[in-house]
Amino acid sequence: QVQLVESEGGLAQAGGSLRLSCAASGRTRSSYAMGWFRQAPGKEREFVAAISRFGGSKNYADPVKGRFTISKDNAKNTVYLQMNNLKPEDTAVYYCVAYSGSYVSSPDYWGKGTLVNVSS
C-alpha cells in the first residue's frame, strides 16, 4: 500500500503564496504520477494539478493555470504544489494523490488532506 502525508497547509492573504508538500511511502516502484485535488465548502472535490511519473508532463485546472506550479523529487518521494497569487476561492482542503498509471485515470491513493485558508 502507498501512504501519502501532506504538509500542513496554513493561512495566507489574497495575493500571497504557500507551498504544499506530500511525502509518499510504501511504494512498490521507484516513482508514480502524482497530483493534487481540493474540496471547498459546499463544493465537490475537484482536480487541481498533476505531474507524470518522471516529471515530463504536467496538467493544471484552468482556475490555477499561471499561478500554481507542481513539481516532484523522486529521490525524496515527494511532490510539491507552489501556490502563488492566492485568491479567496482557493480556500479548500487540499488532497495529495498518486496514480498507479497515467494521471488521466482516477487516482489510486489519497492523502488525508490539509487545509488552506486564504483571506481577503
Side-chain angles (χ1 to χ4, degrees):
Q1 68 281 356
V2 175
Q3 294 178 315
L4 303 173
V5 180
E6 301 99 336
S7 62
E8 285 196 41
L11 176 67
Q13 292 183 312
S17 298
L18 287 172
R19 189 183 75 160
L20 303 180
S21 63
C22 171
S25 63
R27 294 146 64 104
T28 58
R29 50 177 161 89
S30 60
S31 61
Y32 294 85
M34 300 182 73
W36 296 89
F37 281 68
R38 68 186 183 185
Q39 186 167 23
K43 292 188 175 181
E44 296 296 318
R45 193 153 49 197
E46 65 178 357
F47 170 78
V48 176
I51 186 167
S52 62
R53 181 180 177 185
F54 299 109
S57 298
K58 299 176 181 180
N59 192 34
Y60 298 94
D62 285 342
V64 308
K65 285 182 178 178
R67 300 189 298 119
F68 290 12
T69 302
I70 189 169
S71 62
K72 73 198 305 276
D73 184 342
N74 287 343
K76 297 181 179 180
N77 296 327
T78 300
V79 65
Y80 305 92
L81 186 69
Q82 178 67 45
M83 303 182 291
N84 296 328
N85 192 23
L86 284 162
K87 302 176 179 180
E89 51 263 45
D90 295 319
T91 295
V93 175
Y94 284 71
Y95 297 89
C96 176
V97 301
Y99 304 79
S100 293
S102 169
Y103 61 62
V104 302
S105 63
S106 298
D108 297 285
Y109 309 100
W110 292 78
K112 294 181 180 179
T114 187
L115 178 63
V116 170
N117 188 36
V118 183
S119 64
S120 60

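Remember, it's a predicted structure, so these values are computed and weren't measured experimentally.
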### Query
Among side-chain atoms of Asn74 and Lys72, is any donor-acceptor pair under 3.5 angstrom?
yes

### Nearest-0.5 Å distance, OH of residue Tyr99 to CD1 of residue Ile51
11.5 Å

### Query
Do the ring planes of Trp110 and Phe37 sit parallel (below 30°), tilted (30 to 60°) or perpendicular (above 60°)?
tilted

### Message
Using a 6.0 Å cut-off, check whether atom CD of Glu89 has over 12 heavy atoms from anything other than its own residue.
### Response
yes

### Message
Before you tell me yes or no, could you show the steps for Glu6 and Tyr94 under side-chain contact (heavy atoms from CB on, under 4.5 Å), namely the whole-Å CA-CA distance, both residues' side-chain angles and the distance that decides it to 0.1 Å?
### Response
CA-CA 9 Å; Glu6 301 99 336; Tyr94 284 71; over 6 Å; no

### Summary
Distance col, row Leu86:CG vs Arg67:CZ, nearest 0.5 angstrom, shows 6.5 Å

### Message
Quick check against the 3.5 Å criterion: does Thr114 have a side-chain atom that pairs as donor or acceptor with the backbone of Gly9?
### Response
yes

### Task
Output, in order, the C-alpha distance, side-chain angles, deciding distance and verdict of side-chain contact (heavy atoms from CB on, under 4.5 Å) for Tyr80 and Asp73.
CA-CA 8 Å; Tyr80 305 92; Asp73 184 342; 4.2 Å; yes

### Aromatic plane relationship, Tyr32 with Tyr109 - under 30° parallel, 30 to 60° tilted, over 60° perpendicular
perpendicular

### Query
If you round to the nearest 0.5 Å, how far is CG of Asn77 from CD of Gln3?
12.5 Å

### Summary
When Ser71, Cys22, Ser21 are each screened for side-chain contact (heavy atoms from CB on, under 4.5 Å) with Val79, the one that passes is Cys22

### Task
Verify the cluster assignment for Trp36 and Tyr103: are they in a single hydrophobic cluster under the rule of side-chain heavy atoms below 4.5 Å apart?
no

### Message
Show, in sequence, the C-alpha distance, side-chain angles and deciding distance for Met83 and Asp90, and conclude whether the side-chain contact (heavy atoms from CB on, under 4.5 Å) test is met.
### Response
CA-CA 9 Å; Met83 303 182 291; Asp90 295 319; 6.0 Å; no

### Task
Any chance you could measure Leu18, atom CG, to Leu11, atom CG, to the nearest 0.5 Å?
8.0 Å

### Summary
All heavy atoms of Ala49 vs all of Leu81, minimum pair found to be CB-CD1, 4.2 Å

### Query
Are Phe47 and Val97 grouped together when hydrophobic residues (ILVMFWY) are joined by side-chain heavy atoms under 4.5 angstrom apart?
yes

### Query
Between the main-chain N or O of Gln39 and the side-chain N or O of Tyr95, is there a donor-acceptor pair closer than 3.5 Å?
no

### Task
Verify, without hydrogens or angle tests, whether Lys43 (side chain) and Arg38 (backbone) share a donor-acceptor contact under 3.5 angstrom.
no

## Note on the structure
To the nearest 0.5 Å, atom CG of Asn84 lies from atom OG of Ser17 at 3.5 Å

### Message
Nearest 0.5 Å, please: how far is CG in Leu20 from CD in Gln82?
### Response
9.0 Å

